Amino acid sequence: MSKKTFEQSLKQLEQIVEELESGELPLEKAVKKFEDGIKLSRSCSSKLDEIERKITILLKDQADDVVEKPFISD
Amino acid sequence: MSKKTFEQSLKQLEQIVEELESGELPLEKAVKKFEDGIKLSRSCSSKLDEIERKITILLKDQADDVVEKPFISD
Amino acid sequence: MSKKTFEQSLKQLEQIVEELESGELPLEKAVKKFEDGIKLSRSCSSKLDEIERKITILLKDQADDVVEKPFISD
Amino acid sequence: MSKKTFEQSLKQLEQIVEELESGELPLEKAVKKFEDGIKLSRSCSSKLDEIERKITILLKDQADDVVEKPFISD
Amino acid sequence: MSKKTFEQSLKQLEQIVEELESGELPLEKAVKKFEDGIKLSRSCSSKLDEIERKITILLKDQADDVVEKPFISD
Amino acid sequence: MSKKTFEQSLKQLEQIVEELESGELPLEKAVKKFEDGIKLSRSCSSKLDEIERKITILLKDQADDVVEKPFISD
Amino acid sequence: MNHRNDSKLQQIYQVSELTANIKSLLEEKFSIIWITGEISNFSKPVSGHYYFSLKDRHAQINAVMFRGQNRRLNFIPENGMQITALGRISIYEPRGTYQLIIEHLEPKGIGALQIAFEQLKEKLSQEGLFDHSFKKPIPFLPQKICIITSPTGAVVHDIIKIATRRFPNLYIQILPVSVQGDHAEKEIADAIAFMNSTLDSDVAILARGGGSIEDLWAFNTESVARAIFSSNIPVISAVGHETDFTISDFVADLRAPTPSAAAELVLPVKMDLLHKIESKKKQLEIFIKQCREQKRYQALELSNRLINPKKTAEDFRLKIDDLCNQMVKTLSYHVKHKFEQLALQKKCLYSTRFHDQVKRNKEILEQNHFNSLKSIDFYITKNRFNLLETTGKMNALNPIAILERGYSITRKITDKKIIKDSETVSIGENLEIILAKGILNCNVEGKSSHVKKDI
């Protein structure tokens with residue numbers, strides 16, 4: 001996941017959706033796809049969460065500091 | 001940062017903001033930019049604070065001076 | 001400062017004021033200039049004070065000497 | 001001063017006053033001139049004191065003499 | 001003074017008076033001249049007094065003589 | 001003085017008066033002359049009284065010696 | 001003009017020079033002469049002097065007799081009168097004329113005594129006994145006076161009286177002599193000699209009253225004349241009346257007309273002298289006082305004119321004060337001006353746009369900050385929306401949804417492999433059956449390879 005960008009993940013998720021929509025997938029594959037899709041979605045979601053958290057921290061630091069300037073870098 | 005002037009930092013910040021505002025950045029890049037922006041802004045801000053403090057001190061000293069040693073004696 | 005005459009210092013102060021008023025200085029330079037200006041003005045002030053003191057002492061001595069003929073300064 | 005005549009000192013004092021009045025002297029020089037002027041004036045004054053004292057003594061002696069040896073006899 | 005005749009002293013005094021009256025003497029010189037003048041005048045005065053005393057004595061002796069040795073002896 | 005005759009003294013006295021009256025003598029000399037004159041006048045006066053009144057007649061006695069006898073005149 | 005007969009250079013005289021020479025020559029030579037002649041051209045003008053000529057057969061000479069002399073004559077001369085005169089020659093220079101000044105005059109016809117007198121006089125004159133050069137000065141104030149005269153008679157008393165009146169304190173010695181008669185000549189001569197040898201008189205008066213030529217004869221004798229001449233003490237001859245001339249008169253150092261006159265001639269008046277001395281002394285006193293006063297006045301005047309430099313010193317003091325005040329004023333102004341300049345610059349310094357610059361930058365900074373926040377928010381929102389949408393779509397396509405319709409899925413427990421063919425399982429194998437709701441764990445008890453199509 002770490003190698004893929006958020007956009008790539010989202011794209012993949014959309015492809016899965018398209019494949020599923022086509023209805024041509026055997027069940028097992030579909031389930032597999034669907035499971036992949038779920039994972040992707042969950043991953044994207046958590047990325048966004050993570051980003052939001054990060055921003056929050058950034059802004060929080062910003063707000064605090066200015067005094068101590070503890071800068072979180074990752 | 002110490003090598004950059006305040007104006008250079010501000011310029012950079014403005015560019016970052018423009019890039020962000022274009023809305024075309026991949027998310028991670030945007031976040032990175034945002035982070036840079038925050039840092040720049042924080043740095044500029046503290047520079048301004050520092051300057052203001054300095055001015056305040058200078059003016060305070062000056063004011064003290066003025067009180068102790070009036071210019072015009074008559 | 002000790003090597004500069006009062007007039008030279010005053011001239012320099014005037015130049016600083018002009019430069020600052022032009023608004024074209026980068027902030028840090030402006031701050032430096034402002035600081036220099038403050039120092040110059042303070043130095044000029046104290047030079048004037050010193051001169052006034054000197055004159056006062058001279059006139060006082062004079063007055064002491066000539067007890068009967070006080071020195072009228074206005 | 002002892003080498004200069006009273007008139008020379010006075011002349012010098014007049015020159016100093018003129019120079020000061022020309023308003024073209026730098027402040028420090030003006031103060032130096034002023035100091036010189038004060039010293040000259042003091043020196044002149046004390047010379048005058050000395051002269052007046054001398055005259056007073058002379059005339060006093062004269063007066064004493066006169067008491068002892070009246071000028072007019074008939 | 002003892003070497004100078006009365007007329008020489010008087011002449012000298014006259015010269016001093018003239019010099020002082022010319023008003024062209026520097027102050028110190030004028031004072032010196034004045035002093036000399038006072039001394040000369042005093043010297044003249046005492047010389048005259050001395051002469052007067054001498055004359056008085058001479059005339060007195062004469063008178064005594066007359067008393068002691070009347071003109072007409074018979 | 002004793003060597004001088006009355007006439008010489010008187011003559012001298014007259015000369016002194018003339019000299020003094022010529023008016024050209026310096027004071028000290030005039031005083032000296034005056035002194036001499038006074039002395040001369042005194043001397044002359046006393047010279048007039050020096051002689052004793054005596055009127056005699058020279059007669060020869062029996063021994064043919066000359067004898068001086070008072071002569072009574074009427 | 002060739003008067004150079006000898007080798008000597010002839011002197012050229014001025015007229016006055018020559019006349020002066022002649023005058024001194026003649027007047028010396030003929031200082032006293034007796035002359036006899038006849039009077040002619042007699043005149044007597046208002047002046048009272050007598051003017052006339054004396055002539056004889058061959059010559060004539062002008063003569064004058066002044067009033068003072070001619071008053072003593074007991075007769076008035078007239079033309080044609082033969083006279084004998086005593087006089088002297090005088091030269092009147094302005095006219096180059098000479099004339100006789102007559103002292104005495106008598107009618108001709110003199111006696112034997114007169115001749116003897118004349119002869120002796122001529123002789124002694126020739127010898128120079130009358131010469132002025134021999135005449136001794138009479139002391140001004142003789143201390144001791146010797147009177148050679150007769151102790152009897154009025155003369156001595158007259159002299160003493162007059163002398164004492166003039167000068168009260170006097171030493172007068174009287175040498176008594178006979179003044180006429182046989183012994184007179186010797187006594188007088190002896191007295192003069194005695195006086196010179198023994199007495200220390202300052203002056204002598206040889207005196208006798210008036211008388212005839214015979215009475216006065218002793219005074220015309222040669223021995224008396226020589227005694228007088230050789231006297232070291234000055235001798236005043238006072239014999240007879242004014243008109244009586246004796247040899248003594250000529251030879252004496254001074255002739256007094258009368259004995260009384262001798263006393264006057266020989267003595268000054270004491271009171272006059274005292275007055276004179278006093279007056280001289282007074283003059284001295286007045287003069288010296290004047291002199292002293294004048295000098296004192298001069299000295300005083302000069303002293304008063306001495307200018308005291310104190311006034312000048314005071315003027316200078318004021319000037320110095322002025323200069324100092326000016327100096328202070330100027331410098332004060334100067335300093336004040338600098339203060340003002342500085343204050344102005346300070347005010348400018350504080351009010352520069354520099355403060356605005358800080359403020360403006362702050363605003364820009366805040367704006368950018370705000371914009372970046374907005375942007376990042378936009379990013380997050382957009383992506384979250386996309387994700388949600390896509391996830392939603394996917395959820396709608398969930399293959400497991402068919403179980404709701406009664407289908408189930410059988411899987412091996414071990415590898416979760418869905419079983420589509422009964423042949424792939426063995427009896428007794430445990431399988432799981434996934435239902436719409438829940439999962440069943442089953443054990444295969446049997447199997448068939450046919451599927452009923454009517455399910």
Side-chain angles (χ1 to χ4, degrees), chain C residues 1-22 24-25 29-74, chain D residues 1-68 70-71:
Chain C
M1 177 67 192
S2 56
K3 300 280 166 64
K4 273 183 273 175
T5 69
F6 179 86
E7 277 76 11
Q8 285 170 328
S9 297
L10 197 63
K11 189 91 207 157
Q12 218 176 333
L13 179 58
E14 280 173 6
Q15 280 172 354
I16 283 170
V17 167
E18 264 175 46
E19 284 182 279
L20 284 175
E21 283 189 337
S22 77
E24 285 163 6
L25 291 174
K29 235 174 210 169
V31 172
K32 184 79 191 68
K33 286 283 175 190
F34 182 72
E35 189 175 354
D36 291 350
I38 291 291
K39 280 180 188 164
L40 277 170
S41 100
R42 203 174 300 165
S43 148
C44 284
S45 268
S46 76
K47 179 141 261 165
L48 280 179
D49 291 340
E50 193 189 316
I51 282 166
E52 255 197 340
R53 211 158 41 241
K54 193 166 193 175
I55 292 171
T56 306
I57 290 167
L58 280 173
L59 291 180
K60 192 169 171 301
D61 286 359
Q62 183 77 348
D64 289 350
D65 263 19
V66 186
V67 174
E68 313 116 87
K69 294 165 192 170
F71 234 83
I72 294 127
S73 71
D74 50 350
Chain D
M1 177 67 192
S2 54
K3 299 280 166 63
K4 273 183 273 174
T5 70
F6 178 84
E7 276 78 7
Q8 284 171 328
S9 296
L10 197 63
K11 189 94 209 154
Q12 220 176 331
L13 180 57
E14 282 175 348
Q15 280 172 353
I16 283 171
V17 170
E18 265 174 45
E19 283 181 276
L20 281 175
E21 286 191 334
S22 78
E24 284 163 9
L25 291 175
L27 191 57
E28 282 94 346
K29 236 174 208 167
V31 171
K32 183 77 192 71
K33 286 281 174 191
F34 178 76
E35 189 175 354
D36 291 350
I38 290 292
K39 280 181 189 163
L40 277 171
S41 94
R42 205 173 300 166
S43 147
C44 283
S45 277
S46 76
K47 181 137 259 165
L48 285 178
D49 290 343
E50 194 188 314
I51 282 168
E52 279 193 336
R53 209 157 44 239
K54 196 167 192 176
I55 291 171
T56 305
I57 291 167
L58 270 176
L59 293 181
K60 193 171 171 299
D61 287 357
Q62 182 75 349
D64 290 349
D65 266 18
V66 169
V67 171
E68 291 163 0
F71 210 72

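Naming convention: chains lettered A, B, ... in sequence-line order (proteins, then strands); numbering from 1 in each chain. What you see is a predicted model, and the numbers here were worked out from it, not measured in a lab.
- Atoms NZ and NZ, on Lys54(C) and Lys32(D) in that order, are 7.5 Å from each other to the nearest 0.5 Å.
- Across Asp49(D), Leu27(D), Val31(D), the residue that shares the most heavy-atom pairs under 4.5 angstrom with chain C is Leu27(D).
- Taking CD of Glu35(D) as the reference point, atom CD1 of Ile51(C) lies at 11.5 Å (rounded to 0.5 Å).
- A heavy-atom distance below 4.5 Å is not found between the side chains of Ile38(D) and Ile55(C).
- Closest approach of Leu25(D) to Glu7(C), counting heavy atoms only: O-OE2, 4.4 Å.
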